[in-house]
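The model shown is predicted, which means the values in this text are computed figures rather than measured ones. Each chain gets a letter, A, B and so on, in the order the sequences are listed, and its residues count up from 1.
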Number of protein chains: 2
Amino acid sequence: MMQTECRRCPLRKFPIFVKMTDREVDFMQSFKVGELKVDAGTTLMMEGSNSPQLYTPLRGMGLRYKTFESGERQVLNFVLPGDFIGLQAGVMHEMQHSVEATTHMTLCVFDRKALWTMFRDYPERAFDLTWLAAVEEHFLGESLAAVGHMDGLGRVARAFVRLHDRALAIDLVTKDGMHLPYKQQDLADALGLSLVHTNKTLKKLREREIAIWRDGQLKILSYPKLCAMAELSEAREPVLRPLI
Amino acid sequence: MMQTECRRCPLRKFPIFVKMTDREVDFMQSFKVGELKVDAGTTLMMEGSNSPQLYTPLRGMGLRYKTFESGERQVLNFVLPGDFIGLQAGVMHEMQHSVEATTHMTLCVFDRKALWTMFRDYPERAFDLTWLAAVEEHFLGESLAAVGHMDGLGRVARAFVRLHDRALAIDLVTKDGMHLPYKQQDLADALGLSLVHTNKTLKKLREREIAIWRDGQLKILSYPKLCAMAELSEAREPVLRPLI
DNA sequence: CGGGCTCTTGACACAAGTCAAATCGCGTGG
DNA sequence: CCACGCGATTTGACTTGTGTCAAGAGCCCG
């Protein structure tokens with residue numbers, strides 16, 4: 001099957017992604033070594049390993065997480081189309097977290113060795129890479145703040161708002177809501193809550209008719225109320241990010 | 001007073017910092033526009049602002065934090081000599097957190113506009129900048145994991161181990177322990193604990209003769225026990241990081 | 001039909017938050 | 001020189017959010 005050309009990349013058109021010049025698009029095309037389709041459950045990157053490849057998901061969702069000696073996990077964030085996977089492996093010696101596909105995923109594959117070419121010959125793109133790292137840092141900081149200071153309801157609300165915003169930005173929200181293929185355990189691990197407590201919190205949101213998450217589908221009934229619970233302003237300017 | 005030349009930078013010699021070529025050191029010298037001394041309490045960067053300057057602390061300590069509408073703070077991490085301040089402002093439109101000096105600090109000052117020169121003419125240094133961002137991301141991920149999964153004692157232990165390691169790496173640990181000029185409230189805000197609970201946890205560490213933090217001085221009595229509580233192996237290879 | 005996930009719910013325990021007050025330094029001004 | 005106020009640290013008593021345990025329900029799949 002024909003793989004998608006960067007020129008026709010389905011993601012580039014969305015306004016959350018920083019505009020690229022034609023020359024940059026052409027370079028990205030040469031940087032791209034292929035396309036990968038994986039099934040749900042596939043581990044894309046392993047904590048401690050050093051992948052020779054870097055990815056940008058085109059379709060599907062996944063998650064990044066760290067594992068503890070005890071067997072518990074901390075989910076760092078949810079991976080959506082347009083994210084970049086493997087930057088740590090590219091610049092540090094090894095990945096500090098794992099990445100797993102939650103659904104079937106289609107990913108652009110880049111060669112890690114080409115990263116250096118980027119820095120040498122395409123400073124604009126290298127700059128974008130740093131920018132991207134800064135964006136990741138920003139969102140991690142947000143999560144840390146949420147887990148550090150908000151109660152269960154607030155954390156869940158915030159996660160829903162963030163996911164919804166991101167999905168909306170890449171046109172993944174329909175009148176029925178958005179596809180959210182994770183398990184309650186995944187959300188619990190992301191928010192530092194127990195599974196049971198997460199479940200009870202979701203029930204509250206359902207009962208108060210604020211948001212319903214069922215059968216992998218998230219439907220927000222009252223965005224204003226959800227934002228209020230998440231301590232987020234309804235009118236936020238979206239975080240712009242580069243697309244690699 | 002004569003300012004320190006990069007060539008004689010007191011930090012470069014420490015092994016946690018990535019080695020630089022002479023050419024790179026010379027470039028950093030040209031990148032450096034001055035040296036700044038600030039008093040304790042000075043706000044170096046403001047959340048939402050866009051500083052025209054970037055800093056690398058040479059001496060002194062500070063902290064990065066986010067503020068909530070409620071007035072509470074989340075401390076993201078503690079700033080020690082060799083960190084880099086302002087990368088977000090440099091690549092994103094504005095800072096997403098504030099940075100404050102906790103003690104008197106001496107900082108190398110770089111011009112934000114020179115950042116682009118770095119990307120254009122010194123790809124190795126641009127690479128290091130990305131690397132640095134990845135290191136920050138890594139530590140934030142660690143903090144998130146700690147706050148998400150460990151109890152008070154574990155979090156405090158982990159913070160102490162991390163701070164101690166970092167201080168040791170830049171020769172700030174003496175037989176009396178290390179200088180740790182923060183308030184209990186700062187630590188509490190970093191760990192997502194209340195001040196009262198943090199205080200009681202510190203008392204436990206004192207009573208069990210594991211670590212004593214008093215009068216701005218942290219003395220670790222049993223590093224093995226502290227590591228065990230922090231769920232960290234005693235033999236960890238240090239995280240290498242570039243120096244900007 | 002049975003086994004294995006995931007999701008739900010209820011009962012109970014406990015870690016951590018909140019409230020309140022005492023103590024200790026320390027700098028300031030009378 | 002001492003009284004005072006202020007910030008940081010301690011401590012105790014009480015409350016509560018969240019974790020843990022346990023069991024059942026719904027569902028898919030072999």
Side-chain angles (χ1 to χ4, degrees), chain A residues 39-41 63 68 70-75 100 102-103 145-159 179-208 211-219 229 231, chain B residues 39-41 63 68 70-75 100 102-103 145-159 179-208 211-219 229 231:
Chain A
D39 284 332
L63 41 81
F68 290 68
S70 64
E72 290 181 293
R73 291 184 317 167
Q74 172 68 42
V75 168
E100 188 177 302
T102 303
T103 63
V147 173
H149 288 279
M150 304 178 70
D151 65 10
L153 213 46
R155 296 186 212 175
V156 173
R158 181 169 286 238
H179 186 48
L180 193 66
Y182 305 98
K183 290 181 287 186
Q184 292 186 0
Q185 183 70 64
D186 296 328
L187 183 61
D189 287 345
L191 304 180
L193 296 171
S194 70
L195 169 60
V196 174
H197 196 254
T198 303
N199 179 289
K200 288 172 180 168
T201 305
L202 290 170
K203 186 184 178 184
K204 275 185 201 161
L205 287 177
R206 241 183 287 131
E207 287 172 347
R208 299 189 194 175
I212 298 180
W213 179 29
R214 204 145 72 192
D215 304 320
Q217 198 73 12
L218 172 65
K219 175 75 181 167
M229 292 173 63
E231 291 183 31
Chain B
D39 285 331
L63 41 81
F68 290 68
S70 65
E72 291 181 293
R73 292 184 318 169
Q74 171 69 41
V75 168
E100 190 177 300
T102 302
T103 63
V147 173
H149 287 277
M150 303 177 71
D151 64 11
L153 213 46
R155 295 186 212 174
V156 173
R158 179 169 288 237
H179 186 49
L180 194 66
Y182 306 99
K183 290 179 288 185
Q184 293 186 1
Q185 183 70 62
D186 296 330
L187 183 62
D189 286 344
L191 303 179
L193 295 172
S194 72
L195 169 61
V196 174
H197 196 255
T198 303
N199 180 288
K200 287 172 179 168
T201 305
L202 290 170
K203 186 184 178 184
K204 276 187 199 160
L205 287 177
R206 241 180 289 133
E207 287 172 349
R208 298 188 194 175
I212 297 180
W213 178 29
R214 208 149 65 192
D215 303 321
Q217 198 72 11
L218 172 65
K219 175 77 183 165
M229 292 174 63
E231 291 184 31

Gap between atoms [atom1] and [atom2], on [X] and [N] respectively (whole Å):
X        : N      : atom1 : atom2 : answer
B:Asp186 : D:dT9  : CG    : C1'   : 13 Å
A:His197 : D:dT16 : NE2   : P     : 14 Å
A:Leu193 : C:dA16 : CG    : P     : 14 Å
B:Ile212 : D:dT9  : CD1   : P     : 16 Å

Q: Apply side chain to side chain donor-acceptor pair (under 3.5 Å) to B:Glu231 and list each qualifying residue two or more places apart in sequence or on a separate chain.
A: none
Q | Under the side chain to side chain donor-acceptor pair (under 3.5 Å) test, residues paired with A:Gln217 that sit two or more places apart | A |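 Not a single residue meets the side chain to side chain donor-acceptor pair (under 3.5 Å) criterion with A:Gln217.
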Q. Quick one: salt bridge (Lys or Arg N to Asp or Glu O under 4.0 Å) pairs with a partner in residues 184-197 of chain A, sequence neighbours left out?
A. A:Arg73-A:Asp186, A:Arg73-A:Asp189
Q. Hey, does A:Gly192 reach any base, or is it just sugar-phosphate, or nothing, if we go heavy atoms under 4.0 Å?
A. sugar-phosphate
Can you pull every protein N or O that's under 3.5 Å from an N or O on nucleotides 23-29 of chain D?
none

(Q) Measuring from the side chain of A:Ser194 (C-beta onward, heavy atoms only), which nucleotide among C:dT18, D:dT20, C:dA16 has the closest atom? (A)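 Taking heavy atoms from C-beta onward, the closest nucleotide is D:dT20.
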Return the polar atom pairs (N/O with N/O) between nucleotides 6-13 of chain C and the protein under 3.5 Å, or none.
| residue | atom | partner | partner atom | Å |
| --- | --- | --- | --- | --- |
| C:dT6 | OP1 | A:Lys183 | NZ | 2.9 |
| C:dC7 | OP2 | A:Gln184 | N | 3.2 |
| C:dT8 | OP2 | A:Gln184 | NE2 | 2.6 |
| C:dT8 | OP2 | A:Asn199 | ND2 | 3.0 |
| C:dG10 | N7 | A:Lys200 | NZ | 3.2 |
| C:dA11 | N6 | A:Lys200 | NZ | 3.4 |

Q: Mind checking salt bridge (charged side-chain N to carboxylate O under 4.0 Å, His left out) for A:Arg158 and listing every partner two or more places apart, or none if nothing turns up?
A: A:Glu142
All side-chain contact (heavy atoms from CB on, under 4.5 Å) counterparts of [X], not counting sequence neighbours:
X        : answer
B:Lys219 : B:Leu221
B:Lys204 : B:Leu153, B:Arg208
A:Thr198 : A:Leu187, A:Ala188, A:Leu193, A:Leu202
A:Asp39  : A:Thr42, A:His104

Q.
Within the structure provided, determine whether B:Arg206 and B:Trp213 are in side-chain contact (heavy-atom separation under 4.5 Å).
A. no
Q: Flag the pair B:Ile212 / B:Leu205 as yes when at least one side-chain heavy-atom distance between them is below 4.5 Å, and no otherwise.
A: no
Q. Among residues 146-156 of chain A, which residues get a heavy atom nearer than 4.0 Å to DNA chain C?
A. none
Q) About how many Å separate CD of A:Glu72 and NE2 of B:His149, when rounded to the nearest 0.5 Å? A)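 Here the interatomic distance stands at 5.5 Å.
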